[in-house]
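Read through the structure below, which is laid out as structure tokens, and then see the notes.
Residues take their numbers from the sequence shown, with the count starting at 1.
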Amino acid sequence: MIKVYDQNGWIQAQTRGARDIIVFDESAPRAGRPGGVAHFGFRLIDPHEIDTAARAVTEAGGEILDKGEFCPGEPYLFFKDLDGYEVEIAFELPTPVDPKSKKK
């Protein structure tokens, strides 16, 4: 894994050649204890798909908890699924370890 972001007690790490993001947060209430996952998420390839994702969530019965931008050009939404899990869908600007996109 490669650290791609580091700020005030939390980092984002990523596996080379993948679009996965794992966040390690020292301030989370369950940090270092089993069951310490706050939420999980999915990373969009196209930022314009955030509204499509939000519609799919509500049509499936999910509850949108928050929707906005982390910074300009990086939209996100957090929702609660039918089992009560918190899920994130977001677009983040490409990192140096992202796989190269294939042009069609």
Side-chain angles (χ1 to χ4, degrees):
M1 297 194 94
I2 304 292
K3 178 173 59 174
V4 294
Y5 189 78
D6 187 345
Q7 177 182 348
N8 301 325
W10 66 275
I11 67 166
Q12 286 185 349
Q14 188 174 349
T15 306
R16 285 189 185 277
R19 288 188 171 85
D20 58 351
I21 297 287
I22 299 174
V23 175
F24 298 93
D25 184 352
E26 292 177 336
S27 67
R30 297 186 54 91
R33 295 186 291 168
V37 175
H39 72 275
F40 63 95
F42 301 94
R43 192 169 166 210
L44 295 172
I45 294 173
D46 180 347
H48 299 99
E49 292 298 319
I50 198 73
D51 291 329
T52 301
R55 277 192 304 279
V57 165
T58 55
E59 288 172 5
E63 174 190 355
I64 303 287
L65 301 172
D66 191 19
K67 185 173 183 269
E69 285 188 314
F70 292 126
C71 64
E74 291 192 359
Y76 70 84
L77 69 90
F78 286 89
F79 69 93
K80 191 170 285 192
D81 73 7
L82 298 177
D83 294 318
Y85 290 102
E86 185 173 325
V87 183
E88 172 185 2
I89 299 175
F91 173 81
E92 292 182 339
L93 296 172
T95 70
V97 296
D98 277 350
K100 303 299 176 214
S101 60
K102 296 176 183 170
K103 303 280 183 185
K104 292 183 180 181

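Taken together through direct or relayed side-chain contacts under 4.5 Å among Ile, Leu, Val, Met, Phe, Trp and Tyr, Phe79 and Phe42 form part of one hydrophobic cluster. In the hydrophobic cluster analysis, where Ile, Leu, Val, Met, Phe, Trp and Tyr join through side-chain heavy atoms closer than 4.5 angstrom, Phe91 is grouped apart from Leu65.
Residues forming a ring-ring contact (aromatic ring centres under 6.0 Å, His included) with Tyr85 (at least two apart in sequence, or on another chain): none. Remark: Tyr76 pairs with Phe70, Phe78 by the ring-ring contact (aromatic ring centres under 6.0 Å, His included) rule, at least two apart or across chains. Scored by the salt bridge (charged side-chain N to carboxylate O under 4.0 Å, His left out) test, Lys80 finds no partners at all (sequence neighbours excluded). Remark: Glu92 engages Gln12 in a side-chain hydrogen bond (donor to acceptor under 3.5 Å, both in side chains) (not counting sequence neighbours). Partners of Asp46 under the side-chain hydrogen bond (donor to acceptor under 3.5 Å, both in side chains) rule, at least two apart in sequence or in another chain, are His48. Under the rule for a side chain to side chain contact (heavy atoms under 4.5 Å, CB included), the partners of Thr58 that lie at least two apart in sequence or sit in another chain are Ile64.
When all heavy atoms of Ala60 and Leu82 are compared, the closest pair comes out as O-CD1, 3.6 Å. A pairwise comparison of heavy atoms in Glu49 and Leu44 identifies C-CD1, 4.1 Å as the closest pair. When every heavy atom of Pro75 is checked against every heavy atom of Pro47, the shortest pair comes out as CG-O, 3.6 Å.
Side-chain atoms of Gln14 and Arg43, non-hydrogen and from C-beta on, do get closer than 4.5 Å to each other.
Between the side chain of Glu74 and the backbone N or O of Leu93, at least one donor-acceptor pair lies under 3.5 Å.
Note: Leu77 CG to Ile89 CD1 = 5.0 Å, rounded to the nearest 0.5 Å.
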